[in-house]
Amino acid sequence: MSTELSKNFEPGIAEEKWYSHWLNKDYFSSRPDERKPFTIVIPPPNVTGVLHMGHTLNETVQDVLIRKARMSGYNACWVPGSDHASIATEAKVVQMLEKEKGIQKQNLSREEFLKYAFEWKDKYGGIIYHQLKKLGCSVDWNRVTFTMDDHYYKAVIKVFIDLFNKGLIYRGARIINWDPQAQTALSDEEVEYRDIQGKLYYVKYMVSGESAEVTDNREDSVATHQPSSANYITIATQRPETIMGDVAVCVHPDDERYKHLIGKKVIVPLVNRAVPVIADEYVDPAFGTGALKITPAHDINDYNLGLKHHLPIIDTLNPDGTLSEAAVVFVGMDRFEARKAAIEKLRADGLLTKEEEYQTRLGFSQRTNAVVEPRISTQWFVKMRELADKALDAVTSGEVKIHPEERFLATYKYWLENVKDWCISRQLWWGQRIPAWYDEDGRFVVADTEEEAKEAFHAAFRVQDATLTQDEDVLDTWFSSWLWPMEVFNGITDPGNADIRYYYPTSVLVTGQDIIFFWVARMIMAGEEYMDEKPFEHVYFTGMVRDKQGRKMSKSLGNSPDLLDLIERFGADAVRFGILISAPAGNDLLFDDSSCDQGRNFNNKLWNALKLVKMWENAGTTEQEHRSEEFEKAAFAATWFEARLNRAKSQVEELYKDFRLSEALKTIYSLIWDDFCSWYLEWVKPPYGDKIDRYLLTCTLDFFEELMQLLHPFMPFVTEEIYHQLRPREEGDDLTIRQQGEVGGQHKKLSQLSTTEVLQRGDILQDTITSLRDSRNKHNLKPRESIKLFIQTASPAAFQSIEPLLAKQVAASEIQFVEDAVPNTITVVVGTHKFYIETEQQIDAGAQRDKLEKELEYQKGFLLSVEKKLGNERFVQNAKPEVVEAERKKKADAEGKIRAIEESLANLS
RNA sequence: GGGAGCAUAGCUCAGCUGGUUCAGAGCAUCUGCCUUACAAGCAGAGGGUCCGCGGUUCGAACCCGUGUGCUCCCA
C-alpha cells in the first residue's frame, strides 16, 4: 500500500530531493574509463552575471543532450564554468567601489584592485551555479573552471608567448576601436553598429592667400555654379569637433568642380592651419559636396588615406573622450560638448553654410554602450590569416559540423575569409596581464617572468640587468575563452594528460549564434593550433530568445523573466519544457510565460496518469498471471501501444541525430498525452469496481516506465519521481543513469501482426470511435447514455480484436453485426464500414443526410482527380510504378467509400 | 551598399527525395460534458488563394525566375 499521492505534482519538493540525491550518488562526475566519452563544455557565462533566457535555452539543450548520452552508454561529461568578462566585471567593480566605499580606481594599486575584484567574484560568482542547479543541469561539479584560475591564467600566458614567438602576435600602432567610458581598446567584434539620425554640417574652408591665385584657365567655366569659388571650398562632415585634427581636404581627381584647387592649400577653420587639397579616387563626388576633410587620427578611412598620402596625424582626443591639447581649442571639453561649441563658433564665423538631417551608423561599445571612438593607438594584435585558414578548412572539410548548417555556414565562411587582425590588449586590470617587458626606451621582450625577461632582454639587446617594467594591459577575455575546450582539461598547461586525451575533441558545442566569431571560430583556430584537432565535432546554434512581441530580451527593456522566479512559479521541468517546445532548431524563438503553463499542465497530466495506475494497483489485480479473459478483451490496446511506442522511439532517435530537440519533445509529448493517456489508458481502464488484469497492469507499468525514460532528458525531476513511485526500486536504481533498452517493454511481442498492421488497425479503431462520438454529440446523446451498435461490414474479422474496446469507448451496451441497414437508427459511415446507432432519442435524418452528402461530394471530387491522373498517359508513363500503384489503390478505396455512402443515403430516404 | 535567411490556420511553427490519404501540430476560438486520474481536465468541431506574378513538369507549399514585405550579419 503506497502513501497517498498529492492532487497535483509538487515540483519544488521533487527538485530538491532528486538533485541532491543525484549529487550524493555522484552521477554527474565523470572519469576516463573504457566507455566512449560524450563531452560538452559549457559556454562560460560571465562570472558575476545571472542566467537570462538565452542561457536557459542553451543550458537546457546541453542538459538534454548530456542526459540522453548518459542514458545511452556513453561516459557523459559536462564541464561547467564561467569567464571573467574583463570589461563588464571591471566596470561593475569600479562602480561598486565608488558607490559603496567611495574609492576611485586610480587611487588603488593594481594589487589592491584585484583583491576587491576577486572578493566581488566570490560574492556574486555563485549565482549562475545556483541557477544551473535549480534548472537541473547535470554538470560535473568537480570540474568547475574559471578563466582566471591559476592554471588557466598560466595557459593564457603560455599561449601568448608561444604565438608571439611564432610571429603570430605583434604590437603596433593602428586605428582601433576605443571605448572612452571603459577607457580601453576593443576588438572589431565588440562594436555594435546602430542606425542613428545624425546631422551633416557643411563648412567652408578658405583657400589660403598665397597659393590662392587663379592660374587655372578652366576656372571660369566651372566656378559660377559650383560649391567652391576662388576663395573657399565646402566640405560636409558629421563630426565638426574633429576639424582641429584635419590635415588635408580630399577631392576626386576627375571632379571638375575642384580640379583647380588640387595642390593648393586651405585654412582649417577654428585653428587656422593651412593644409593641402589632395586628390584621391576614394572620394565619392556624389556624397555631400564631394570634398572630404581628412582626419587620420579619428577615422579609419582617413587614416588609410593619410598613410597613402604621407599626411601627419593629429590626435585631438584624450582617452576619456575629452579634447586634448593638440586640439588647441575646446581643450578638456567632452567630445559631444565640443561638437556643439564647434558648431556655434563656425556659425559665428560665418563658415557654417548648411545643416542637413542625415541617417548614419554609429559604433557602440557592446559592454558599456558608449559611442566608440576610432583612435590611433599602440596595441597588441593576433595575425589572423593563417589561423583563420585552418578554422575554415575544419568546417568546409566537414570535420566540424554546424547545425543548422544552411543557416550559419555561409556566415562563418564569410567572416573567416574576410577576417582582420584581432586586437587583444585591453587597458584594464581584470584579466591576464600581458607578459611583455619594456625598458625605458620602449624596447621590449615577451617572457613569462621578470627573470626570464631580463635574460631575454640581455640576449636580444645585449643589455645587462636592464630595468624592466611589465605591460600594464591585460588580454581580451576571448583570448582566454578560445582555449576553453582544451584548458578545462588542462590541455595547455599539461599537454597529453589523461583527461585531455580522453575527452578531447568534445562532442558538441551548444551556443548562441551571436558569438560565432567571438568564440566558436576562434576556438576552432586554437584547437587546430594547439591540439592539431577540432575542439568539437558538432556545433549546434540556438536562436535568439525574444519576447512575445519579437524584441530581443534585454536588461534595459526589462522584458527578460527572472529564471529563479519562473522555476518558483512553474517548476524546473515546466520551464525546461516551455523554452524547448518553442525553440525550433536555429530559429529565433518568441518566449512567453504561457509556454511554461503547458509544461506545468504536462507535469500534472503525468502525475494524474500515475495516480490512476496506482489506483488500479491498490484496488488489487486478478489472480491469473497471464492472458486472463480480461486481458484478452484489452489485449489489442497493449499490442497497439507497444507498436506506437516503438515507432515513436525510433522517430525520437532520428530527431536527436538532427538536433531537432523541439520536435523530439513534441513527439514524446503527443505520445504520452494522446496515445498513452487519451487512448491506451482509457482502453485498458477496468470497468468501475472491477479488478485489473495482473498482466495488463504489468504491461502498463512497463510502458509508463519507458515513457518516463524517454522523457527524462527533457524533464528530469518529474520523471525520476514517477519512476520511483511506479515500483519499489533498489538502491541505485535511478532513471538518471538507467540505460535505454533495459526496460522490458519492447520484447513483449504481444502480437504476430507487423507494427504497420497493428497501427493501421488502431487507426481504424480510433477513426470509428471519433466518428461515432461525433455523431452522438451531434444528436445530443448524453455521454453516458448507452446505445446499441450495429455494424455492417464486408470484413467483420477486422473488428474482432477491437470490438470490446470500441463498445467501451462509445458506450455501446451491445454490438451486433448485420447484413442490411437497420431502420430508425443513426447512420455513420467510416471508410467502407457502416454503423447504425440505435437510441431512444428522436433522430434527425436531415442532419445525417447533410453530413453524408458532404462526405460524398468530397469523395467524388477526390475520385475525379485520381481518375484524371490515371487517365493521363504521360503520368502513367513517367511516374514511378509505385506512385501509379498508389493512385490505383486510392481509386479503389474512393469507389468503395462512395458505394457505402450512397447505400446509406438510399436507406435514409 | 554587399551577403544570408524567412513569408503555410487568429498566433507560434512542422511539412524529408516534387505525387490528394499532405495541406498538418500546439496554442487560441466554438459546442457539449463537474464521466470515480486529471476543469491546469474530457469528448467533439470549425478555421488556410501555402505572400503576389510568371516559368519548368504529366503533376508544385516544395524546383527556377521575378516582385513585395520582414529579420539578421557585414561595410
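We name chains A, B, ... by the order of the sequence lines, and we start the count at 1 in each one.
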Looking across every strand, which nucleic acid part, if any, lies under 4.0 Å from A:K685 by heavy atom: base, sugar-phosphate, or nothing?
-> base
Nearest listed nucleotide, side chain of A:R600, among B:rC38, B:rA40, B:rC42 | B:rA40
With sugar-phosphate meaning primed atoms plus P, OP1 and OP2, does A:E682 contact a base, only sugar-phosphate, or nothing at under 4.0 Å between heavy atoms?
-> base
Does a salt bridge link A:E373 with A:R239, judged by any charged N lying under 4.0 Å from a carboxylate O?
-> yes
Heavy atoms under 4.0 Å, any strand shown: does A:S670 hit a base, just sugar-phosphate, or nothing?
-> nothing
Proximal nucleotide (of B:rC38, B:rA75, B:rC74) relative to the A:K420 side chain | B:rA75
Checking all strands, does A:N604 fall into the base, sugar-phosphate, or nothing category for heavy-atom contacts under 4.0 angstrom?
-> base
At under 4.0 Å between heavy atoms, what does A:T770 touch on the DNA or RNA strands: base, sugar-phosphate, or nothing?
-> sugar-phosphate
How would you label the contact of A:N603 with the nucleic acid (heavy atoms, under 4.0 Å): base, sugar-phosphate, or nothing?
-> nothing
Rounded distance in Å between the C1' positions of B:rG54 and B:rG47 | 30 Å
Would you indicate, yes or no, if B:rC16 has its OP1 or OP2 atom less than 4.0 angstrom from a side-chain nitrogen or oxygen of A:K657?
-> no
With rounding to whole Å, what would you report as the distance between B:rC50 and B:rG24 at their P atoms?
-> 13 Å
For B:rA14 versus B:rA7, give the span between their P atoms, rounded off to a whole number of Å.
-> 8 Å
Is the phosphate of B:rG41, meaning OP1 or OP2, less than 4.0 Å from a side-chain N or O of A:N601?
-> yes
Of A:K889 and A:R773, whose nearest nucleotide on RNA chain B comes first from the 5' end?
-> A:K889
Is the distance from OP1 or OP2 of B:rC13 to the nearest side-chain N or O of A:R660 less than 4.0 Å?
-> no
Atom P, compared across B:rU31 and B:rG69: separation rounded to whole Å | 41 Å
With sugar-phosphate meaning primed atoms plus P, OP1 and OP2, does A:W673 contact a base, only sugar-phosphate, or nothing at under 4.0 Å between heavy atoms?
-> sugar-phosphate
When you look for runs of 3 or more Watson-Crick or G-U pairs in a row, both distances below 3.5 Å, which of them include RNA chain B?
-> B:1-7 with B:68-74, B:10-13 with B:24-27, B:29-33 with B:41-45, B:51-55 with B:63-67
5'-most contact on RNA chain B: A:D188 or A:K611, nearest heavy atom basis?
-> A:K611
B:rA75, B:rC38, B:rU20: which one has an atom nearest the side-chain heavy atoms of A:Y193?
-> B:rA75
Please confirm whether any donor atom in the side chain of A:D597 sits under 3.5 Å from an acceptor in the base of B:rA40, or the reverse.
-> no
Distance check: side-chain N/O of A:K605 vs OP1/OP2 of B:rC42, anything under 4.0 Å?
-> yes
